[in-house]
Every structure is written in structure tokens, then in C-alpha cells.
Participant: 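I am attaching a structure below and will ask some questions about it afterwards.
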Amino acid sequence: MKILAMVKRVVDPEVKVKLTGDAQLDPSILDYKLNYFDEYSVEEAVRLKESGAASEIVVVCIGSGDAQKEIRTALAMGADRGILVETDEADRLDSLTKAKLLAKVVEREEPGMVLMGKLAVDSESNAVGQMLAALTGFAQGTFAFKCEVDGDTVTVGREVDGGTSDVKLTLPAVVTADLRLNEPRYASLPGIMKAKKKPLEVIDPDDLDADIDLDEPAIEILGYELPPQREAGEIVDSVDALIDRLKNKAKVL
Amino acid sequence: MSTILVVAEQLGGELKSATLPTIGFAKQAAAATGGEVVVLVLGSGASGAAEAASRFGASRVLYVDGAQYADYLAENYAPAVVEVAKSVGATVVCAPSTTTGKDFLPRVAALLDAGFVSDAIDVAEVDGDVVYKRPIWSGNLIARVTSHTDITAVTVRTTAFEAPAEGAAVSVETISVSSGAATNAAFVSFDQVKTDRPPLTDADVVIAGGRGLKSGEAFGMLEELADKLGAAVGASRAAVDSGYAPNDWQIGQTGKIIAPNLYIGVAISGAIQHLAGMKASKVIVAINKDPEAPIFQVSDFGLVEDAFKAVPELTSKL
Ligand SMILES: Cc1cc2nc3c(=O)[nH]c(=O)nc-3n(C[C@H](O)[C@H](O)[C@H](O)COP(=O)(O)OP(=O)(O)OC[C@H]3O[C@@H](n4cnc5c(N)ncnc54)[C@H](O)[C@@H]3O)c2cc1C
Ligand SMILES: Nc1ncnc2c1ncn2[C@@H]1O[C@H](COP(=O)(O)O)[C@@H](O)[C@H]1O
């Protein structure tokens, strides 16, 4: 079985946000890395290959030329080859537009399973996997903490409100990783060396012939603003003082 | 004229409280675009949930009964919602930003060729555009977005909207859809965490514990305090990962988003991903033995103290 692992190059969430005068992001602060959740999905793909359930892992990213770095990171973890759908507009693309592009890659590659993160930690849509499943007609197992392949089915354990839930899907399916799915490995030095020689194909989005307009995505970002900031309050010196403040100052007890 | 379709959430015929602020969002969206609110309930023998949803100002409440909706499955929900959205001429389809809403609504959006807005905290008409606000980057930034598609799908951050005032009920219309049950996906089980405490997302007071508690047993001390205050108990990701607390208790970017009147964080350092889930709380209290813990930067009241001393003392003095 071939697995496609979709990975995103994301803005490091630890950067200090700065806006320009016209409510856009100040590009000088931006620092990028492989999306955390995608480390978990790539790890799961590699484990499925190690267990014999998968035969090939293809990493796919829609991103700028610089995103080759994040693809190589996934290759160093054990994926076999990479595909970069190259566009400088990647950071502006909404979930539907990206899902349509990825659906075209799925059509070309015909995987048995697609592994993704549940969330991109920068834009936080939590949507591309579900949308890709809809567009390809695949079943979906989102927020996975368990992914057990058995023949032509996969049982996905999902982290949901109120507890956990299992679903059984017929392959091909889209599975999106939550953070308790596994423990991602660090790429080894030999892994990093090998990754440099693994094939990485660059595709022009126009060649995928998807029904999209890169200049006018479905959702347009008009601008950004900073959320209300909280101030550090008072440090109290005892439990009695704390109870007093909660009763008499904050009036919440 | 716009139609805002709210997909209600129910479990075992009981309307989930997250539905009400979602109707609140829908009314705000309807006001911004000059339209009406329609609520849809899917279920099996769950008309009670539709009745419960009928008193909050929607023009219509639709109920679809089907064995395939007895247990939630995205592959069964999505085609039904798509069908109803088309038949009522929905311009916006929305659902609460719960794990259920986040699961099926993007699927609905793709099937409707609709732009998708995740986790909306505001909607308004600005210069002819319908503008949504949504938090991104672990809550450190807010994006203003607008949709260019005929239909837009929106998950709603329920802490950002009020439940509408209860009023006269509209009569529930039972309708049918042609879509059946999926053949490539099946529900297997739902393992529910049982608790007598209020749900995290509804509680007025939340006591949350972190990795510093070092064991599941230590959460018992938080539960005693919670029982005294009628509070819910939550946890950091590190505490859940360590097996001290169930995943359902996790607060943060990847867990529950909460905004109680009072949040008390115990032995939690205050990583940005945790803050993303509780920063909107009205009053924040932190108990941590490290005076440098970042959570003190956002706390109204901080107590630098060992949790094993402070929490039992707090419980006994309340
Ligand atoms: C993609 C991603 C998503 C994430 N999502 C979430 C999320 O949704 N929610 C979340 O919570 N985290 C999330 N995290 C994890 C987050 O980054 C932190 O690792 C986590 O919140 C730390 O949990 P903690 O504060 O319990 O543990 P620690 O950071 O280890 O802090 C423990 C604290 O306990 C204090 N302490 C120790 N002993 C005592 C004692 N006896 N008495 C009092 N204080 C004591 C210490 O001083 C310390 O401040 C996410 C991380 C990533 C990468
Ligand atoms: N630009 C992209 N290229 C490839 N995969 C992506 C991209 N954006 C999102 N994804 C995938 O979709 C998942 C969820 O992202 P999102 O829906 O944007 O929060 C990510 O974890 C990736 O697996």
C-alpha cells in the first residue's frame, strides 16, 4: 500500500507577533518549521511501512520553494519521495483551495491511505483532511490516537469530546493525527544524509488542472489584529489572601 | 435574503449546550446579512433535542430521523446536511466548534464547494463584505477573513457568543432526506468518560492540573476542591500525556476552549498552547511553586506555593 503524507511548512508558533501599519504580518519575524501534527502523521506512516502494512511513503506539500526543507525533514524520518506543489501564495491559500490541489495529487498517486495532521498550528483550520476526504470520496478518521490497518480496513481511535470513539473505515481513507498517536522520532544523521538523495518532484499547481483560482481563493484574509492582552495581576502570599481576593475583589466565590 | 443553517448537536436525544451559542452566532450573522435562522437536528428518536432547540429564536427547526444518525459518523452526517442546506437555500451553514462540528462541517463545505471559516469569534457586515474574525497562532493573532463562495461553512467558537434568550417555541418540522448510510465507514464504539461534574465547556469554575502534580492520584485533591466549588476539572496536555487525566479534560489549542468565571491552574507552567484554551477566562488564578512560571504573566492572582500544601488548605478553608 502506498501512503501519502501531507505536510505543511508552518510559522513557528513561538515567534513574537508583529503587524505592519496596514494590518499585515511583518515578514521579518517569520520563522518556519514542519507542522508538529505532521511529524506525528509521518511517524505513523513510517511505522506502517516498518510493520509491512505500507510499501511506499510519498510526502506532499503545497508551499514555496523553501518548503523543500520541510519535505526533506519528513524524508529524513523515513519517507521515500517528495512532491512539492510550488506556489509563493501557499500562506494565503484557504483549506478548500488546498484540498482541491491535494485531491488532484491523490488522483495521480492513487494511495491506499492518506495521513495528515489534524491541525496546522499556524493557520489552525483543522479542515484540509476532512475536505480532501470529501473530494476524493474517501472515508475519514480524524483526531486519531490509534490507527490499526487490517487488510483493506483501518480502525481509527479518535479523541472526541466526552471520551474516545472508534470507527472502522474501508481503505482508501484519510486519517488525521492527534498528538497521542505516537512519539515522532528524531531524524538520524544517516537518515538526513539519505534524505538529500531521495527524489523530490516539483509540480506547478496549474499543471494539476484543479478547479481553483490561486489569485482569488475561496476565503480571503483581509488583515490581522492582536487579541486583547492580559496583564499580570497580583501575587498573593497565602491561601487566606487568595480567598480574600476571590471573595472581595474578584467576587467570584 | 440569506438563510443561516445551524446544525445542532445532540447526544442520545439531548441537545448539547454548545448548540445555543451557535444559534447566537447565527442570529448575529442573520442580522449582518438580513436573513433568517434555520436549525437542523439529525438523530434517531431524538426529536426531543429538536423541541429543545425550538425556543431560541430560529424561524424554523427541522428534524431528520434515521437509524444512521443514532451514533455520530461524519460520512452519514455530511450528505444529509448538504441536502438540507441546498433545499433551504442556505448561504451560511454553521455548527459548534466541537470535535463533532470540526469533523463533519469541513466535509460538508467541500461537498458544497463552500469556503470554510474555522472557529469564528465574530461576524459583521463591513463595507458590503461579511467579515469573520478567527483566532490563529495559538490565540496570539486574530485574522479577519471574508468568503468569496455562494455558501460559506463556519464552525463557531462557542465561548465567543451568548445563548439567545429563551422565548416562544416554533413547531418542529420533521423532514426526510434521500441520503442513506455510508458503506465505507462504520461507527464502532464511543467510550464515554463518566462524571458527575459539569462539563468543562459549561462550568462557571474550572480547576485544572498539570504535570507538576506527578500522578493521577494527585488529581483527587483537585476533585475534592472542585466538588466544593461545583467546578469542572481540566488538565494540561502534559498531564493527559502522562496518563494523569483523560483526554476529554485537556484544555488548550488541541483540547477544550473554555471561558469560565474562574479558572484555577495548579502546577501548570502556562505554555502558549495551554493559554490558547483558557485565556478568555474572566478571572485566572495560578498556583505554582516556580515564581517564574509564565502562567503568572496572565494571572489575576498568583500564589507561589507547593500545590500539595496549597490545594488541601484551600479546600479546607472554603
Ligand atoms: C502542537 C502542540 C499542541 C499543544 N496543545 C496543547 C494543549 O491543547 N493544551 C496544553 O495544555 N498543552 C498543549 N501543548 C503542550 C504545551 O506546549 C506544554 O508542553 C504543556 O502545556 C505543559 O504542561 P504543564 O504545564 O502541565 O507541564 P510543565 O510545563 O512541565 O509544567 C509543570 C509546572 O508545574 C510546576 N510544579 C511542579 N511541581 C509543583 C508542585 N508540587 N506544586 C506547584 N507547582 C509545581 C512547575 O513549576 C511547572 O511550572 C501542545 C504542544 C504542541 C507542540
Ligand atoms: N500547504 C499544505 N501542504 C500540504 N498539506 C497541508 C497544507 N496545509 C495543510 N495541510 C495538511 O492539512 C492538515 C491540517 O491543516 P489545516 O486544515 O490547515 O489546519 C495539515 O496537518 C497537513 O497535513
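In what follows, every chain begins at residue 1, and chains take the letters A, B, ... in the order their sequences are listed.
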Participant: Quick check on the interface: out of A:A139, A:G129, A:P13, who has the most heavy-atom pairs with chain B under 4.5 Å?
Facilitator: A:A139
Participant: With only heavy atoms counted, which part of A:L171 is less than 4.5 Å from chain B, the side chain, the backbone, both or neither?
Facilitator: neither
Participant: Above 12 or not: heavy atoms from other molecules or residues under 6.0 Å from NZ of A:K146?
Facilitator: yes
Participant: Need one label for B:A114: side chain, backbone, both or neither, based on atoms under 4.5 Å from any heavy atom in chain A.
Facilitator: backbone
Participant: In Å, rounded to the nearest 0.5 Å, how long is the span from OG1 of B:T146 to CD1 of A:I221?
Facilitator: 12.0 Å
Participant: Let me know if A:L169 has heavy atoms under 4.5 Å from chain B in its side chain, its backbone, both or neither.
Facilitator: both
Participant: In terms of heavy-atom proximity below 4.5 Å to chain A, should B:Q297 be classed as side chain, backbone, both, or neither?
Facilitator: both
Participant: Where on B:L73 is there a heavy atom nearer than 4.5 Å to chain A: the side chain, the backbone, both, or neither?
Facilitator: side chain
Participant: Using non-hydrogen atoms and a 4.5 Å limit, figure out which bit of A:V128 sits close to chain B: side chain, backbone, both or neither.
Facilitator: neither
Participant: Shorter than 4.5 Å, heavy atoms on both sides: which option in A:L132, A:L19, A:D240, A:V10 has the most such pairs with chain B?
Facilitator: A:D240
Participant: Which one wins on heavy-atom pair count under 4.5 Å against chain B: A:T142, A:N126, A:V236?
Facilitator: A:V236
Participant: Is B:R237 close to chain A through its backbone or its side chain, or both, or neither, when contacts mean heavy atoms under 4.5 Å?
Facilitator: both
Participant: Counting only non-hydrogen atoms closer than 4.5 Å, does B:L314 touch chain A with its backbone (N, CA, C, O), its side chain (CB onward), both, or neither?
Facilitator: both
Participant: In terms of heavy-atom pairs under 4.5 Å, which option from B:F296, B:F190, B:F104 contacts chain A the most?
Facilitator: B:F190
Participant: So does B:K317 have more than 12 non-hydrogen atoms from other groups sitting under 6.0 Å from NZ?
Facilitator: yes
Participant: Between A:L179, A:D211, A:D94, which shows the greatest number of heavy-atom pairs under 4.5 Å with chain B?
Facilitator: A:L179
Participant: Which pair of heavy atoms, one from B:T149 and one from A:A218, lies closest together, and at what distance?
Facilitator: CG2-CB, 3.8 Å
Participant: Please report the shortest heavy-atom distance between A:S125 and B:S118, naming the atom on each side.
Facilitator: O-OG, 2.9 Å
Participant: Might you confirm whether atom CG of B:D127 has over 12 heavy atoms from other residues, nucleotides or ligands at distances under 6.0 Å?
Facilitator: no
Participant: Side chain, backbone, both or neither: which part of B:D241 has a non-hydrogen atom closer than 4.5 Å to chain A?
Facilitator: both
Participant: Does any heavy atom of chain B fall under 4.5 Å from the side chain of A:I235, the backbone, both, or neither of them?
Facilitator: both
Participant: Would you call B:D103 and A:R158 a salt bridge, taking side-chain N to carboxylate O under 4.0 Å as the test?
Facilitator: yes
Participant: Looking at CG of A:D161 and OH of B:Y72, how far apart are the two atoms once the value is rounded to the nearest 0.5 Å?
Facilitator: 11.0 Å
Participant: With respect to chain A, which residue among B:V240, B:T152, B:V126, B:L200 yields the maximal number of heavy-atom pairs within a distance under 4.5 Å?
Facilitator: B:V240
Participant: Taking A:V156, A:I219, A:V167 one by one, which has the highest count of heavy-atom pairs under 4.5 Å against chain B?
Facilitator: A:I219
Participant: Would you call A:K100 and B:D113 a salt bridge, using N to O less than 4.0 angstrom?
Facilitator: yes
Participant: Would you mind checking which part of B:K282 comes under 4.5 Å of any heavy atom in chain A, side chain (CB onward), backbone (N, CA, C, O), both or neither?
Facilitator: backbone
Participant: What are the two closest non-hydrogen atoms of B:G139 and A:E124, and how far apart are they?
Facilitator: N-OE2, 4.0 Å
Participant: Which bit of A:L119 comes within less than 4.5 Å of chain B, counting heavy atoms only: side chain, backbone, both or neither?
Facilitator: side chain
Participant: Side chain, backbone, both or neither: which part of A:L253 has a non-hydrogen atom closer than 4.5 Å to chain B?
Facilitator: side chain
Participant: Nearest heavy-atom pair of A:R245 and B:F301: which atoms, and what distance?
Facilitator: CB-CE2, 3.5 Å
Participant: Which bit of A:A23 comes within less than 4.5 Å of chain B, counting heavy atoms only: side chain, backbone, both or neither?
Facilitator: side chain
Participant: In Å and rounded to the nearest 0.5 Å, what is the CG to CD distance from B:D129 to A:E220?
Facilitator: 7.5 Å
Participant: Would A:V121 and B:Q253 count as a side-chain contact (heavy atoms from CB on, under 4.5 Å) here? Give the steps.
Facilitator: CA-CA 9 Å; A:V121 296; B:Q253 183 187 37; 4.0 Å; yes
Participant: Measuring heavy-atom distances to chain A, does B:A310 have an atom under 4.5 Å in its side chain, in its backbone, in both, or in neither?
Facilitator: both
Participant: So A:F145 and B:N247, side-chain contact (heavy atoms from CB on, under 4.5 Å) or not? Walk me through it.
Facilitator: CA-CA 10 Å; A:F145 70 89; B:N247 67 281; over 6 Å; no
Participant: Measuring from B:N184:CG to A:D152:CG, what's the distance to the nearest 0.5 Å?
Facilitator: 11.5 Å
Participant: Applying side-chain contact (heavy atoms from CB on, under 4.5 Å) to B:V145 and A:L222, what does each step give before you reach the verdict?
Facilitator: CA-CA 5 Å; B:V145 303; A:L222 301 171; 5.9 Å; no
Participant: May I ask you to decide if B:S189's main-chain N or O and A:S165's side chain share a donor-acceptor pair within less than 3.5 Å?
Facilitator: yes
Participant: Without swapping roles, check the side chain of B:D191 against the backbone of A:G163 for a donor-acceptor pair under 3.5 Å.
Facilitator: no
Participant: Tell me, out of A:L226, A:L246, A:T164, who's got the most heavy-atom pairs with chain B below 4.5 Å.
Facilitator: A:T164
Participant: So for atom CG, which belongs to A:N248, do other residues, nucleotides or ligands contribute more than 12 heavy atoms lying within a distance under 6.0 Å?
Facilitator: yes
Participant: If I measure from the heavy atoms of chain B, does A:E225 come under 4.5 Å with its side chain, its backbone, both, or neither?
Facilitator: both
Participant: Identify which part of A:D178 has an atom lying under 4.5 Å from any heavy atom of chain B, answering side chain, backbone, both or neither.
Facilitator: side chain
Participant: Need one label for B:L105: side chain, backbone, both or neither, based on atoms under 4.5 Å from any heavy atom in chain A.
Facilitator: neither
Participant: Checking heavy atoms, do the side chain of B:V205, its backbone, both or neither come under 4.5 Å from chain A?
Facilitator: neither
Participant: Answer with side chain, backbone, both or neither: which region of B:K194 has an atom nearer than 4.5 Å to a non-hydrogen atom of chain A?
Facilitator: neither
Participant: Can you say whether B:T254 sits under 4.5 Å from chain A via the side chain, the backbone, both, or neither, judging by heavy atoms?
Facilitator: both
Participant: If I measure from the heavy atoms of chain A, does B:L262 come under 4.5 Å with its side chain, its backbone, both, or neither?
Facilitator: side chain
Participant: Given that the side chain runs from C-beta out, which part of A:Q229 has a heavy atom under 4.5 Å from chain B: side chain, backbone, both or neither?
Facilitator: neither
Participant: Which heavy-atom pair separates B:F116 from A:M131 by the least distance, and what is that distance?
Facilitator: CB-CE, 3.4 Å
Participant: Judged by atom type as modelled, is there a donor-acceptor pair below 3.5 Å linking the side chain of A:Q130 to the main-chain atoms of B:K102?
Facilitator: yes
Participant: Report which part of A:T176 has an atom under 4.5 Å of a heavy atom belonging to chain B: side chain, backbone, both, or neither.
Facilitator: neither
Participant: Counting only non-hydrogen atoms closer than 4.5 Å, does B:Y132 touch chain A with its backbone (N, CA, C, O), its side chain (CB onward), both, or neither?
Facilitator: neither
Participant: List the steps, then state whether side-chain contact (heavy atoms from CB on, under 4.5 Å) holds for A:R230 with B:D300.
Facilitator: CA-CA 9 Å; A:R230 279 194 97 104; B:D300 298 285; 2.9 Å; yes
Participant: Looking only at heavy atoms, which two atoms of B:K256 and A:G162 are closest? And how far apart?
Facilitator: NZ-N, 4.4 Å
Participant: In terms of heavy-atom proximity below 4.5 Å to chain B, should A:A133 be classed as side chain, backbone, both, or neither?
Facilitator: both
